[in-house]
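For reference, the structure discussed in these notes is given below.
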Protein chains: 2
Amino acid sequence: MNRSNQILKDILKSNRLSVTNQRLLIFNILSQNQPLSMNELIKKTNSEIDRVSVYRIIETFISVGIAQKVSLGWKYKIELSDTFQDHHHHLICLACNKTIAIHNQGLESYLNKIANENNFETKNHQIEIQGYCSDCQKS
Amino acid sequence: MNRSNQILKDILKSNRLSVTNQRLLIFNILSQNQPLSMNELIKKTNSEIDRVSVYRIIETFISVGIAQKVSLGWKYKIELSDTFQDHHHHLICLACNKTIAIHNQGLESYLNKIANENNFETKNHQIEIQGYCSDCQKS
DNA sequence: CTATAATTGCAACTGATTTGCAATTAATTA
DNA sequence: TAATTAATTGCAAATCAGTTGCAATTATAG
Ligand SMILES: [Mn+2]
Ligand SMILES: [Mn+2]
Ligand SMILES: [Zn+2]
Ligand SMILES: [Zn+2]
């Protein structure tokens, strides 16, 4: 039982949500991976959880701030929320599909400035840079 | 026949693509709107074009640079490419769904810098700020 | 105007996500 | 700890988004 597992349970309990094996499994899968599409996530459960339940668990996780959606490759993927990892964004390689995390405070304040200028109250933002990683650039 | 309609025809012809009524209609719908989801776009055609053809036309438009996908609200929407409008990104209101275009050169160079630092060759990027517009903030 | 090539519409299909409901499991209470 | 209650899950079936094959239609070129 590590630190983040404890935080998970606290969040669940404080929202009157049960701590189930299915929820723990999904949390652990997310802990060990880059952002996953629903299908990738479902595959990683190795049929231990019904697809429908995976969808429902993710919906719940998002609603209480355990997980979050990120826009990647024209659809969303799921990763743990900023409660469990540093806020960041991704470069995604169009050739090998690798994602590279970027942590950049300057970018963040730039976005805040833009929102302010537009009288806009930011809840969230998505940034994705699509292109070719250093490994895939030769051709 | 306005200027951008002429550009459209030139692009089609230079790619050996026919100028059809269906393609003109879709181009005109896109010209008059904010980014549209495929479903919104299909609705706006008022059944004058089969859904399948709308999908195929958009695929063609994207492949020759007439239109482009943008990530908005966890799925992609379609808008005319930067050939027909200035490169920009969007704020999207979670309450009223309005999109607000932002043109910001500083943001663009910031992204380029980040890509460079990561030895990444950028093809494209997506930026979306989700939150509440000035009209929807009172509550 | 005719011939040729490209495009469209239709029917059917696939894969992703949602919904209703009964069976199971977790949390609470005694 | 056992019984009760409430939440969660799995299964079947529905819906929605996007795709494919093919014949009918329309556009382009000669
Ligand atoms: Mn960020
Ligand atoms: Mn941009
Ligand atoms: Zn790569
Ligand atoms: Zn609004």
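The figures here come from the full heavy-atom set of this structure, side chains too, leaving out hydrogens, waters and symmetry mates. Note that this is a predicted model, so its numbers are computed, not measured. A note on names: the letters A, B, ... follow the listed sequences, proteins ahead of strands, and every chain is numbered from 1.
Heavy atoms from other residues, nucleotides or ligands lying under 6.0 Å from NZ of K69(A) number more than 12. At most 12 heavy atoms of other shown residues, nucleotides or ligands fall within 6.0 angstrom of atom CD in E59(A). More than 12 non-hydrogen atoms from other residues, nucleotides or ligands lie less than 6.0 angstrom from CD of E117(B).
As a whole-Å value, the separation of Y55(B) OH from dT14(C) P is 18 Å. Atom CG in N39(A) sits about 7 Å away from atom P in dT17(C), given to the nearest Å. What separates CD1 of I42(A) from C1' of dC11(D) is a distance of 15 Å, to the nearest Å. Atom C1' of nucleotide dT7(C) and atom CD1 of I26(B) are separated by 13 Å, given to the nearest angstrom. The separation between E59(B) atom CD and dT7(C) atom C1' is 13 Å, rounded to whole Å. Across the protein-nucleic acid pair, D50(A) atom CG and dT24(C) atom P stand 14 Å apart, rounded to whole Å. When the P atom of dT8(D) is taken as reference, atom CD1 of I58(A) falls 15 Å away, rounded to whole Å. Going from atom CD1 of I57(A) over to atom P of dA7(D) covers 16 Å, rounded to whole Å.
The side chain of Q22(B) contributes an N or O atom lying less than 4.0 Å from OP1 or OP2 of dG9(C). For N21(A), a side-chain nitrogen or oxygen approaches OP1 or OP2 of dA26(C) to under 4.0 Å. In this structure, R23(A) reaches the dT8(D) phosphate: one of its side-chain N or O atoms is under 4.0 Å from OP1 or OP2. Contact annotation: T20(A) side-chain N/O to dT8(D) OP1/OP2 distance is not under 4.0 Å. At the phosphate of dT17(C), OP1 or OP2 sits under 4.0 Å from a side-chain N or O atom of Y76(A).
Along DNA chain D, the nucleotide nearest L17(B) and the nucleotide nearest K75(B) are compared for position; the residue whose nucleotide lies closer to the 5' end is K75(B). Each of R51(A) and R56(A) was assigned the nucleotide of DNA chain C with the nearest heavy atom; the assignment lying further toward the 5' end belongs to R51(A).
With dC10(C), dT19(D), dA12(D) as the choices, the nucleotide that has an atom nearest any side-chain atom of V52(A) turns out to be dA12(D). Each of dT7(C), dT8(D), dG18(D) was ranked by its minimum atom distance to the side chain of M38(B); first place goes to dG18(D).
As judged by a 4.0 angstrom heavy-atom cut-off over every strand, S53(A) is placed among the base-contacting residues. Residue contacts for E48(A): at a heavy-atom cut-off of 4.0 Å it reaches the sugar-phosphate backbone alone, with no base atom in range.
I102(B) and L72(B) are not part of a single hydrophobic cluster, where members link through side-chain heavy atoms under 4.5 Å apart.
Note on ring orientation: taking the six-membered ring where Trp is involved, the planes of F27(B) and F84(B) are perpendicular (angle over 60°, cut-offs 30° and 60°).
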